[in-house]
K.L.:
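One structure follows; several queries about it will come next.
Because only heavy atoms are used, hydrogens play no part in the values below, and waters and symmetry mates are left out as well, while side chains stay in. In listed order, ligands and their atoms are each counted from 1.
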Amino acid sequence: MTKKINFLNLGKHPITNNFLKLKNPKNEFFYNLELVFNSKTKLISLKKFVSPKRMFNDKYAHRASASKTMCLAYSKLAKSISRKYKPKSILEIGSNDGVFIKHFKRINNIGVEPCKNLARITNKMKIKTYDEFWTMKLSKKITRQNKLFDVIYSANTVSHIHDLNETFEAINNSLNDNGIFILEDPSLVEVLKNKSYDQFYDEHAYVFSIIALKNITKRAGLQIFNIEKLKTHGGSNRVYFKKYNNNKIKVSNNVLKHLNNEKKIGIHKLAVYKKFSKNVQKSKKNLVEIFKKLKKRGELIIGYGATYKSSTVLNYCNLNHKFIDYFLDTTPTKVGKFTPGTHIPIFEYNGIPDNVRFAFLGAWNFKDEIFKKEKKFIKRGGKFISHVPYPKVL
Ligand code: JHZ
């Protein structure tokens, strides 16, 4: 019998995309963020999902092209797909602001993006974008209008969709018999290693292991044939799938290597998550201590990058505007607003002001890019605070 076993309760959390116009809004929505382990599929997920309509709306703030690292990563991948697979058609599920799909203008390139403000951006770029949620119904509609696809790509999106069986079946339905599906999402191995519990929030319904992915895609007729480990978004996996009946593509040895490594770590065992839960509680205690110490000394502390991830850290650790004076962020749709739940003002990034000595690294996944950019701040003695892999002043 399948059992969903609780292993971590992160308390009450707001909608991460709900950047607030008012500091003290009325009726802010909160839900309980709890994590469970599925004893049958070995999937790690939120216990209770938040309604997709609450999260993915016309005011969606995240822009995938907000970091140079990601722009480069997507352009490199687009080149490699064109060279290796020479597709005549490509579908992207979760096309955001077009950062990836725009590289395929010479072939039939289609986007799926339920956030209407984002779909408008790519439709304006002349990339046909369906502003709907990915379902079997939509897959059938797109396939009727565009035939089957040689490549289907989805980055940081499938982990956001609640019904995984329908999602993968719909992907199979839209894929050519010789086509490939590429999925990219944060890696559970990296989350455990880095204690990066902030990969769990309303939108991240799942964080995938390869073991769980293998278990749930099999019944949809998809088979993993290759895996690339990526540094992006704090450590991700790029997983390549083919249809089970496609014997032209060989399964790479690295698939077995990943599966064996996960077994060695114990990804399929509850004990690993119980230990993770203890590590997360310790991480909270140590991070709060750092903030309290600095604030007692009267230090001004800013946040660098008002990420969705940081919402989990701030709300779980009760780090509100008394601890972080303000955030700096480059995303225009976040500027002038307040962080969800913790109500910290977000200002436009124009360099770190001279009076700042401490900055909490909300965008720790872009540490290398940010450290390169902030050489002046570091040179004058400025310090970053990060909770990954453990709370530390860097
Ligand atoms: P970033 C979002 O999560 C939501 P977030 C979503 N659920 C998801 O899965 C990932 O993206 C992919 C700012 N910044 O990408 C820009 C600077 O200000 O880590 C962004 O607001 N200066 C779809 O929000 C934020 O940080 C900089 O120099 O956790 C980064 O957000 C850089 C590099 C970034 O994703």
K.L.:
For T331, counting its heavy atoms only, list the atoms of ligand 1 lying under 4.0 Å from any of them.
P.N.:
16 (C), 20 (C), 21 (O)
K.L.:
Answer with yes or no whether the side chains of T16 and D202 bring together a donor and an acceptor at under 3.5 Å.
P.N.:
yes
K.L.:
Within ligand 1, which atoms have a heavy atom of Y60 less than 4.0 Å away?
P.N.:
4 (C), 6 (C), 7 (N), 23 (C)
K.L.:
Give me the residue, atom name and distance of the protein heavy atom closest to atom 9 (O) of ligand 1.
P.N.:
H204 NE2, 2.9 Å
K.L.:
Compute whether any side-chain donor of one residue and acceptor of the other, for T129 and T122, lie under 3.5 angstrom apart.
P.N.:
yes
K.L.:
Would you mind checking which non-hydrogen protein atom is closest to atom 2 (C) of ligand 1, with the distance to 0.1 Å?
P.N.:
H62 ND1, 3.5 Å
K.L.:
For ligand 1, does K68 get within less than 4.0 Å through its side chain, its backbone, both, or neither, judged by non-hydrogen atoms?
P.N.:
neither
K.L.:
Ignoring hydrogens and angles, state whether a donor on the side chain of D185 or S159 is under 3.5 Å from an acceptor on the partner side chain.
P.N.:
yes
K.L.:
Quiz question: by atom type and distance under 3.5 Å, do the side chains of Y60 and E113 form a donor-acceptor pair?
P.N.:
no
K.L.:
Is atom CZ of R380 surrounded by more than 12 heavy atoms (other residues, nucleotides or ligands) closer than 6.0 Å?
P.N.:
yes
K.L.:
Which heavy atom of the protein is the closest neighbour of atom 25 (C) of ligand 1, given with residue, atom name and distance?
P.N.:
T307 CG2, 3.6 Å
K.L.:
Short list, please: which atoms of ligand 1 are under 4.0 Å from a heavy atom of F366?
P.N.:
1 (P), 15 (O), 19 (O), 30 (C), 33 (C)
K.L.:
Please compare T16, T312, T330, D185 and report which has the shortest non-hydrogen distance to atom 18 (O) of ligand 1.
P.N.:
T330
K.L.:
Heavy atom under 4.0 Å from ligand 1: found in H233's side chain, backbone, both, or neither?
P.N.:
side chain
K.L.:
Hydrogens and angles aside, do N254 and S252 bring a side-chain donor and acceptor to less than 3.5 Å of each other?
P.N.:
yes
K.L.:
Do the charged groups of R63 and D97 touch, with an N to O distance under 4.0 Å?
P.N.:
no
K.L.:
With a 4.0 Å cut-off on heavy atoms, is R63 in contact with ligand 1?
P.N.:
no
K.L.:
Considering F371, Y201, Y308, W364, which one's heavy-atom position lies nearest to atom 6 (C) of ligand 1?
P.N.:
Y201
K.L.:
Any donor-acceptor pair under 3.5 Å linking the side-chain atoms of D198 with those of W364?
P.N.:
yes
K.L.:
Can you tell me which residue and heavy atom of the protein come closest to atom 13 (C) of ligand 1, and the distance to 0.1 Å?
P.N.:
D329 OD2, 3.4 Å
K.L.:
Considering only heavy atoms of N156, which atoms of ligand 1 have at least one such atom less than 4.0 Å away?
P.N.:
9 (O), 12 (C)
K.L.:
State the atoms of ligand 1, each with its element, that fall below the 4.0 Å cut-off from a heavy-atom position in A363.
P.N.:
26 (O)
K.L.:
Just to confirm my output: which protein heavy-atom neighbour is closest to atom 27 (C) of ligand 1, and how far is it?
P.N.:
K373 NZ, 3.4 Å
K.L.:
Check whether Y201 forms a cation-pi arrangement with K309 (NZ or CZ under 6.0 Å from the six-membered ring centre, at most 45° off the ring normal).
P.N.:
no
K.L.:
Validate the cation-pi geometry between K88 and F149: distance from NZ or CZ to the six-membered ring centre under 6.0 Å, angle to the ring axis within 45°.
P.N.:
no
K.L.:
Relative to each other, are the rings of F7 and Y273 parallel, tilted or perpendicular (30° and 60° limits)?
P.N.:
tilted
K.L.:
Measure T157 to ligand 1 on non-hydrogen atoms and call it side chain, backbone, both or neither using the 4.0 Å cut-off.
P.N.:
neither
K.L.:
Would you kindly say whether S236 and S187 are connected by a side-chain donor-acceptor distance under 3.5 Å?
P.N.:
no
K.L.:
With heavy atoms only and a cut-off of under 4.0 Å, state how F19 meets ligand 1: side chain, backbone, both or neither.
P.N.:
neither
K.L.:
What protein heavy atom is closest to atom 29 (O) of ligand 1, reported as residue, atom name and distance in Å?
P.N.:
K309 NZ, 2.8 Å
K.L.:
Are any of the N/O atoms in E203 less than 3.5 Å from those in ligand 1?
P.N.:
yes
K.L.:
Taking only heavy atoms of K334, which atoms of ligand 1 are found under 4.0 Å from at least one of them?
P.N.:
20 (C), 21 (O)
K.L.:
Below 4.0 angstrom from a heavy atom of I370, which ligand 1 atoms are there? Numbered from 1 as shown, please.
P.N.:
28 (O)
K.L.:
Check for me whether K128 meets the cation-pi criterion with Y130, that is, NZ or CZ under 6.0 Å from the six-membered ring centre and within 45 degrees of the ring axis.
P.N.:
yes
